[in-house]
Amino acid sequence: MSLNIDLHSHSRQSDGVLSPADVAARAHANGVDWWALSDHDETSGLNEAAQAAHDLGLGFIPGVEISVTFCGKTVHIVGLHIDPADAALAAGLAEIRRGRFDRAGVVAERLAQCGIDGAYEGAMSHVDNPDLISRVHFARDLLERGHVKSLQQAFDRYLGEGKRAFVPVQWASLEQAVGWIHGAGGKAVIAHPGRYKYTPQQRDALFQVFKDLNGEGIEVVTGSHTPAQYEQYARLALQYGFQASRGSDFHAPGVGRVDLGRMPDLPDGLVPVWRDWI
Ligand code: AMP
Ligand code: MN
Ligand code: MN
Ligand code: MN
């Protein structure tokens with residue numbers, strides 16, 4: 001039996017719904033042996049997560065998922081085995097979180113133009129961590145107030161790229177994100193590479209620039225990938241010499257394609273990103 005390793009998940013410190021301790025408990029209940037919490041642009045849940053994992057006898061790796069702009073689109077870079085106390089990392093993440101609040105004000109203005117008032121306050125009513133607001137909090141408000149029938153519809157109608165209340169953000173650069181992660185002692189991993197709407201040329205540019213920055217890995221098995229994509233990104237990992245990661249990208253019970261730990265093993269022949277730690 002191989003170890004069940006899940007290195008991508010969210011708590012209510014970003015856009016998940018469970019507390020860090022409750023994510024730990026769910027990972028443990030689902031048979032996960034080693035777990036990383038990787039909240040968006042935020043490390044404030046890691047202490048609680050580490051303590052809960054320790055109490056459960058669950059292996060824990062501190063993580064973060066950093067929002068990056070590359071080639072005009074948002075890319076997520078997961079940092080694993082980071083020291084959240086690192087000053088440059090903490091300052092960089094704080095700056096990104098400030099940008100999220102700037103964007104939220106404009107999103108609310110756009111929604112008001114669509115006839116939906118009070119969206120800022122509505123989104124804030126779903127925010128647990130006063131330092132972090134996400135489009136997901138707007139989606140939960142739109143759903144709760146009956147403006148949409150599902151979170152997916154909130155993105156399809158209003159919040160998704162190019163939709164009426166979509167407000168582009170200039171996140172961190174790839175260089176900054178990888179630099180912060182390395183400076184904090186961690187490994188950098190491109191999250192769910194199959195999700196980005198890049199041309200093959202842009203995807204290759206992302207992988208090559210990331211490689212040149214000494215980025216370590218890509219997610220191969222993630223809740224965002226189809227089985228065909230597991231194979232596709234396994235091949236690309238070998239081609240570029242990247243290590244491979246596995247993570248559910250769990251946000252909430254019953255939401256998303258897979259629950260914590262409920263994915264297939266990495267395909268054979270890959271170097272797992274956790275090899276130096278586990
Ligand atoms: P943000 O980082 O605030 O721009 O929000 C991005 C988050 O929204 C992602 O991490 C997902 O959790 C969620 N998300 C993005 N697109 C969708 C979608 N189409 N349906 C549901 N959730 C989405
Ligand atoms: Mn998310
Ligand atoms: Mn992501
Ligand atoms: Mn994620």
Side-chain angles (χ1 to χ4, degrees), residues 6-18 20 23 27 35-43 45 63-70 73-80 93 96-108 110-111 119-120 123-124 126-129 131-143 148-172 177 188-197 206 218-219 221-225 245-260 263:
D6 187 338
L7 301 185
H8 188 149
S9 64
H10 298 275
S11 77
R12 66 186 186 197
Q13 293 305 112
S14 65
D15 61 356
V17 299
L18 302 181
V23 184
W35 164 62
L37 182 68
S38 56
D39 274 313
H40 295 284
D41 309 316
E42 178 61 286
T43 60
V64 66
E65 183 175 15
I66 303 181
S67 304
V68 160
T69 302
F70 183 85
K73 290 192 164 69
T74 297
V75 170
H76 288 167
I77 303 296
V78 171
L80 294 173
L93 298 179
I96 296 176
R97 293 195 300 270
R98 259 194 296 283
R100 288 179 163 279
F101 278 97
D102 294 342
R103 172 183 65 168
V106 186
V107 170
R110 295 276 178 85
L111 287 170
Y120 189 86
M124 283 302 290
H126 290 271
V127 163
D128 289 290
N129 168 7
D131 279 344
L132 191 133
I133 189 163
S134 156
R135 280 186 288 166
V136 175
H137 299 120
F138 282 94
R140 290 188 186 132
D141 172 57
L142 292 171
L143 179 61
V148 293
K149 291 191 172 64
S150 64
L151 294 178
Q152 186 59 49
Q153 196 174 68
F155 281 88
D156 292 345
R157 285 206 185 154
Y158 298 108
L159 301 167
E161 201 180 314
K163 301 302 156 77
R164 283 175 279 176
F166 178 72
V167 179
V169 186
Q170 188 69 37
W171 303 111
V189 176
I190 298 176
H192 41 64
R195 234 169 66 184
Y196 310 120
K197 295 194 176 64
L206 170 67
I218 64 172
E219 288 183 344
V221 173
T222 129
S224 303
H225 282 177
S245 192
R246 175 181 187 267
S248 59
D249 206 0
F250 172 82
H251 284 72
V255 173
R257 277 205 321 124
V258 298
D259 208 318
L260 286 153
M263 310 79 76

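Positions are given from 1, in the same order as the sequence printed here. Numbering of ligands and ligand atoms starts at 1, following listing order. Since the structure is predicted, the reported quantities are computational estimates derived from the model, not experimental observations.
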Q.
I need the nearest protein heavy-atom contact for atom 20 (N) of ligand 1: residue, atom name and distance, please.
A. Gln152 OE1, 3.1 Å
Q. Taking N or O atoms only and a 3.5 Å limit, does Trp171 qualify as a polar contact for ligand 1?
A. no
Q: Can you measure from CD (Glu65) to CG (Leu80) and round to the nearest 0.5 angstrom?
A: 10.5 Å
**Q.** Heavy-atom donor-acceptor pair, Arg246 side chain to Met263 backbone, under 3.5 Å
**A.** yes
Q) Of all the atoms in His192, is at least one N, O or S atom closer to the Mn ion (ligand 3) than 2.8 Å? A) yes
Q: May I ask you to decide if the ring planes of His192 and His8 are parallel, tilted or perpendicular, using 30° and 60° as cut-offs?
A: tilted
Q: Write out the residue and atom name of the closest protein heavy atom to atom 18 (C) of ligand 1, then the distance separating them to 0.1 Å.
A: Phe155 CG, 3.4 Å
Q. N/O of Ser67 under 3.5 Å from N/O of ligand 1, yes or no?
A. no
Q.
For atom 2 (O) of ligand 1, which of the options Arg100, Arg135, His40 provides the nearest non-hydrogen atom?
A. Arg100
Q | Shortest non-hydrogen contact between Trp35 and Leu7, atoms and distance | A | C-CD2, 4.2 Å
**Q.** Close approach of His10 to ligand 1, heavy atoms, under 4.0 angstrom
**A.** no
Q. Quick one: does Glu65 get within less than 4.0 Å of ligand 1, heavy atoms only?
A. no
**Q.** Atom name in Asp249, limited to N/O/S, at shortest distance from the Mn ion (ligand 4)
**A.** OD1
(Q) Do Ser248 and Asp6 pair up side chain to side chain, a donor and an acceptor below 3.5 Å, judged on atom types alone? (A) yes
Q.
Treating His126 as the side-chain partner and Ala123 as the backbone partner, does any N or O pair qualify as donor plus acceptor under 3.5 Å?
A. no
(Q) What's the separation between atom CG in Leu206 and atom CD1 in Ile218, rounded to the nearest 0.5 Å? (A) 9.5 Å
Q. How is the N/O/S atom of His8 that comes nearest to the Mn ion (ligand 4) named?
A. NE2
Q.
At less than 2.8 Å, would any N/O/S atom of Glu65, backbone or side chain, sit next to the Mn ion (ligand 3)?
A. yes
Q) Under 3.5 Å between some N or O of ligand 1 and some N or O of Asp156? A) no
(Q) Show the atoms of ligand 1 that are less than 4.0 angstrom away from any heavy atom in Arg103. (A) 1 (P), 3 (O), 4 (O)
Q. With a 3.5 Å cut-off and no angle check, do the side chains of Glu219 and His225 form a donor-acceptor pair?
A. no
Q. If you measure from each non-hydrogen atom of Asp15 to ligand 1, which part falls under 4.0 Å: side chain, backbone, both or neither?
A. side chain
Q | Whether His10 has an N, O or S atom under 2.8 Å from the Mn ion (ligand 4) | A | yes
Q: Give a yes/no answer: is there an N/O/S atom of His40 under 2.8 Å from the Mn ion (ligand 4)?
A: no
**Q.** From NE2 (His76) to CG (Asp41), nearest 0.5 Å
**A.** 7.0 Å
Q: Kindly confirm or rule out an N or O of Arg195 lying under 3.5 angstrom from an N or O of ligand 1.
A: no
Q.
Can you name the atoms of ligand 1, numbered from 1 with element, that are less than 4.0 Å from a heavy atom of Val136?
A. 7 (C), 8 (O), 12 (O), 13 (C)
Q: Would you mind naming the N, O or S atom of His76 nearest to the Mn ion (ligand 3)?
A: ND1
**Q.** Presence of salt bridge, Asp15 and Arg100, under 4.0 angstrom
**A.** no
Q | Interatomic distance, Gln153 atom CD to Leu159 atom CG [nearest 0.5 angstrom] | A | 11.5 Å
Q: Check whether any side-chain N or O of Ser14 sits under 3.5 Å from a backbone N or O of Asp39 as a donor-acceptor pair, and report yes or no.
A: no
(Q) Evaluate His76 for polar contact with ligand 1, using N/O atom pairs at a separation under 3.5 Å. (A) no
